[in-house]
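So the structure is just underneath, and the comments pick up after that.
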2 protein chains.
Amino acid sequence: MAQLKEAKPVWVTGAGGFIGLHLSRFLAGVGHHVLGFGRSEAPGFAAATGGAFFSGGVTARTMDAALASHGRPAAVYHLAGGATVGQSIADPLKDFEQSVVSAACVLDFLRRHAPDASVVLASSAAVYGGGHFGPIRVDAALDPYSPYGYHKRMVEELGRSYCAAYGQLVSVARLFSVYGEGLRKQLLWDLCGMLAAGETDIVLGGTGTEMRDWHHVSDVVRLIHRILPAGEPRFTVYNGGAGAPASVSTISRMVLEAWGGNHRLSFSGKSRRGDPVNLISDPSGVPEGLQLQVPLSRGIAGYVDWYRAEILAEPVGHLRRSAP
Amino acid sequence: MAQLKEAKPVWVTGAGGFIGLHLSRFLAGVGHHVLGFGRSEAPGFAAATGGAFFSGGVTARTMDAALASHGRPAAVYHLAGGATVGQSIADPLKDFEQSVVSAACVLDFLRRHAPDASVVLASSAAVYGGGHFGPIRVDAALDPYSPYGYHKRMVEELGRSYCAAYGQLVSVARLFSVYGEGLRKQLLWDLCGMLAAGETDIVLGGTGTEMRDWHHVSDVVRLIHRILPAGEPRFTVYNGGAGAPASVSTISRMVLEAWGGNHRLSFSGKSRRGDPVNLISDPSGVPEGLQLQVPLSRGIAGYVDWYRAEILAEPVGHLRRSAP
């Protein structure tokens with residue numbers, strides 16, 4: 001990591017997103033000069049990190065601007081990509097452009113302007129597909145189950161190609177079910193929305209027995225930071241899982257408990273397209289010695305607290321700001 | 001094939017290229033209404049096929065124009081892509097755009113406008129990589145050895161993804177060493193160029209023992225036509241090989257013999273980057289019952305004849321046209 005202590009900036013793409021914002025804050029917290037890239041403006045970025053933010057996506061234009069104003073990056077954390085499996089099915093070309101084309105642009109920009117920069121590419125457990133029933137080893141067969149998964153796999157292949165042909169240092173993090181404060185989609189978000197709306201009879205899709213590897217964003221961010229490659233050119237894939245599997249039903253009950261009150265929980269039995277039964281990380285691909293710091297119970301309680309404090313307060317805060 | 005006998009056109013992308021022109025002529029010859037797409041103008045296309053040509057690459061704009069003027073395609077032969085391994089190493093982003101982005105654009109256009117169209121994607125034996133020493137089965141491990149190979153693999157993955165998610169009918173042809181009249185690059189072209197320049201001491205790169213699966217373009221075109229998928233949605237990969245392996249040394253001597261005269265042939269022993277030792281197709285992945293019609297000796301002699309008639313005559317023809 002020594003090279004990162006110099007004045008060279010580190011870049012985070014997708015820096016306006018859930019994980020990107022957490023990672024940018026973390027990197028700034030350990031002393032890095034962080035530059036963020038994102039499709040839309042991220043008004044709080046500068047205040048949270050002390051760094052600059054480039055909107056308009058991660059393109060030759062925005063990277064040229066960052067290079068001209070701040071010099072070559074020492075490291076690039078490429079988190080930009082499509083948003084969800086569902087959106088990738090609805091508009092696969094958009095997902096392809098956001099995931100695969102953006103990765104090609106970043107890797108090629110570095111080949112030309114910063115060949116020594118280390119790269120972490122965010123991938124997803126979606127590359128494994130739905131055919132796995134136990135913990136998934138990092139060398140398991142890949143059989144993506146949606147355009148989202150196929151595109152993440154292509155992002156990995158681009159990293160492998162640039163490492164093989166040009167010696168770029170590239171690590172891949174296959175992220176599982178990342179959750180935490182700031183996540184505004186998926187199960188926890190939907191569930192809190194129902195609870196906030198006063199629903200007492202909560203009905204969720206699927207069977208509730210689907211197993212996921214829940215991984216708090218603060219632990220994910222430490223993992224992403226930890227796997228930054230250094231030294232000899234190499235291409236390494238890591239499982240970004242917590243190794244703390246829990247069923248959708250278990251997680252949902254933890255949310256209800258943290259929220260308080262009396263609710264009935266049931267499952268429709270109807271699965272969403274592209275939703276595999278199990279996605280659990282085998283410890284084989286998780287970086288050694290990286291201890292989980294946020295256990296599930298605390299993480300879920302923290303999420304519910306955040307939702308109540310930030311999201312439920314939003315309209316009130318807005319009224320307060322509007323009123324003199 | 002019955003559906004192709006209707007008025008619906010068939011599309012050929014990369015139609016201005018070596019294989020694309022041969023395929024377009026073949027398809028026109030068996031009665032199809034052929035529309036070609038290519039980056040540059042292809043002046044002889046209309047005369048050779050009776051169909052229209054859309055220059056400017058295969059993009060939403062050119063496909064919209066073809067759709068508006070000729071209706072939905074029944075079949076698309078997607079041959080557009082990067083040119084060579086060497087160019088992909090020199091400019092990988094350009095190769096990525098020409099191969100991967102163009103495939104994504106075609107597949108997504110069909111998803112939206114012609115979901116019943118059958119698709120053949122041209123891939124390459126480069127996806128197998130250099131670690132194979134005997135004939136390569138179509139289910140062999142893929143380990144591309146250049147950006148060109150990685151990108152062709154991504155093209156295949158896009159086809160698999162669109163078939164899985166949207167039921168598109170997709171076949172892949174992994175082409176080996178395609179040669180024949182019109183090929184203006186690679187070994188045969190370079191060798192004829194040396195002979196035409198009057199060189200008598202011919203020195204080639206490599207050792208001469210590299211084995212390739214030489215496949216005459218007229219046989220390749222019949223293979224591509226034959227594997228067009230029909231019926232149920234499926235994704236199938238074929239080895240587009242001839243199963244007629246010969247060493248670079250053997251082929252070179254055949255060229256010298258066809259050319260005539262006395263020449264000395266030697267090899268520098270220095271390999272080009274990204275050049276595998278052996279790329280030979282196992283018959284397992286070749287469509288059944290497709291007999292090779294052009295044996296190597298005849299194919300090589302035909303190439304030399306073409307080179308002398310067309311290429312050596314070019315400046316003369318040019319002078320003739322220029323002079324009154």
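Chain A is the first sequence line, chain B the second, and so forth, proteins listed ahead of strands; every chain is numbered from 1. Side chains included, hydrogens not; waters and symmetry mates left out as well; all remaining heavy atoms used.
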* **Where B/D108 and A/P92 come nearest, the two heavy atoms and their spacing** =>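 Looking at all heavy atoms of both residues, the shortest contact is OD1-CG, 3.1 Å.
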* Please determine which of A/H151, A/E157, A/R153 meets the side-chain contact (heavy atoms from CB on, under 4.5 Å) test together with B/E157. => A/R153
* Are the side chain of A/Y166 and the backbone of B/I89 linked by a donor-acceptor contact shorter than 3.5 Å? -> yes
* Asked: When you measure from the side chain of A/Y162 to the backbone N and O of B/P147, does any donor-acceptor pair fall under 3.5 Å?
  -> no
* Interface moiety of A/L158 toward chain B, non-hydrogen atoms closer than 4.5 Å ->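 When you check distances to chain B, atoms from both the backbone and side chain of A/L158 fall under 4.5 Å.
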* Of the backbone (N, CA, C, O) and the side chain (C-beta and beyond), which part of A/R160 lies under 4.5 Å from a heavy atom of chain B, both, or neither? -> both
* When you look at A/V101 and B/F96, which way does the side-chain contact (heavy atoms from CB on, under 4.5 Å) test go after all the steps? -> CA-CA 9 Å; A/V101 174; B/F96 170 81; 4.2 Å; yes
* Asked: When you look at CZ of A/R72, are more than 12 heavy atoms from neighbouring residues, nucleotides or ligands closer to it than 6.0 Å?
  ->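 Open: at most 12 neighbouring heavy atoms sit under 6.0 Å from CZ of A/R72.
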